[in-house]
Each structure stands twice: as structure tokens, then as C-alpha cells.
Amino acid sequence: MKITIKNDNKLVPFEDIAEGMVFKDPTAEDYYIKTASAVNEDTGAEDWNCLRLDNYALDCCAPTYLVRPIHGAELIIP
């Protein structure tokens with residue numbers, strides 16, 4: 001997988017980025033893509049709302065967690 005970053009973006013709350021947006025966790029070198037939320041039917045809690053791009057594991061970011069959106073990212077998966 002290759003991710004091309006065209007510019008350096010500011011931190012924004014996770015809830016402010018659109019589904020399908022690639023973003024970086026500013027505390028690590030991990031890249032994600034925001035997905036539709038999956039809700040646990042038993043608890044009503046949001047369990048997953050993003051996909052980690054290095055291992056394709058589902059993850060969950062809090063709405064106010066600050067992330068670095070990658071506008072114009074080119075994602076190539078061979």
C-alpha cells in the first residue's frame with residue numbers, strides 16, 4: 001500500500017471529517033479511513049468507525065479526538 005500526501009493539514013475533531021476521508025493519528029504513524037459507524041446492538045455503543053490501513057483492522061475514534069485529515073490522498077492498494 002502507498003499513500004501519497006499532497007499537503008500538511010491541521011488537526012480537526014474526528015466528527016468533522018467525512019466518511020471515506022483518509023486521516024493520520026497524530027500520536028503515531030498510523031493511517032486510517034473513516035467508515036460508517038457500526039453500533040453494538042446490545043449496548044447501543046459505537047464500536048467501529050474507522051479502518052486502519054496498515055493491517056485493515058476496524059477501530060473506533062471518539063467524536064472529539066483530534067486527527068490530521070489527508071485531503072487529496074492517493075491510496076493505491078496493489
Side-chain angles (χ1 to χ4, degrees):
M1 174 181 11
K2 175 185 173 188
I3 300 173
T4 302
I5 301 172
K6 299 191 182 219
N7 57 7
D8 188 70
N9 299 315
K10 297 179 181 177
L11 295 174
V12 299
F14 178 78
E15 65 188 349
D16 289 351
I17 64 173
E19 288 179 14
M21 172 71 70
V22 173
F23 66 94
K24 181 180 181 293
D25 180 346
T27 64
E29 290 299 316
D30 301 326
Y31 290 88
Y32 298 83
I33 190 165
K34 185 173 181 178
T35 63
S37 299
V39 176
N40 183 318
E41 292 180 8
D42 296 328
T43 65
E46 198 171 11
D47 282 346
W48 304 287
N49 57 17
C50 58
L51 178 72
R52 188 171 165 174
L53 294 176
D54 64 343
N55 62 7
Y56 307 110
L58 291 169
D59 207 341
C60 189
C61 287
T64 58
Y65 186 71
L66 294 177
V67 299
R68 188 174 310 280
I70 310 298
H71 298 281
E74 180 181 16
L75 180 61
I76 301 169
I77 301 174

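Residue numbers count from 1 along this sequence.
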Report summary line: Across all chains, not counting sequence neighbours, the salt bridge (charged side-chain N to carboxylate O under 4.0 Å, His left out) partners of D30 are R52
Query - F14 backbone acceptor or donor facing K34 side chain under 3.5 Å - result: yes
Requested in this report: State yes or no: do V22 and W48 share one hydrophobic cluster built from I, L, V, M, F, W and Y residues joined by side-chain heavy-atom distances below 4.5 Å, directly or via other members?
Outcome: yes
Query raised in the report: With F23, which of Y31, Y65, Y32 fulfils ring pair (Phe, Tyr, Trp, His ring centres under 6.0 Å)?
Result: Y32
Report summary line: Distance col, row L51:CG vs D59:CG, nearest 0.5 angstrom, shows 9.0 Å
Query raised in the report: What distance do L66 atom CG and K10 atom NZ have between them, rounded to the nearest 0.5 Å?
Result: 13.5 Å
Query raised in the report: Given the rule that I, L, V, M, F, W and Y join up when any side-chain heavy atoms are under 4.5 Å apart, are I70 and L53 in one cluster?
Result: yes
Query raised in the report: Do C50 and L58 have side-chain heavy atoms sitting under 4.5 Å apart?
Result: no
Report summary line: Rounded to the nearest 0.5 Å, the CG atom of D16 sits from the CG atom of L11 at a distance of 12.0 Å
Report task. Check E15 against T64 and note the closest heavy-atom contact, atom names and distance. Result -> OE2-CG2, 4.3 Å
Report summary line: Tightest non-hydrogen contact, residues N49 and C60, listed as OD1-CA, 3.3 Å
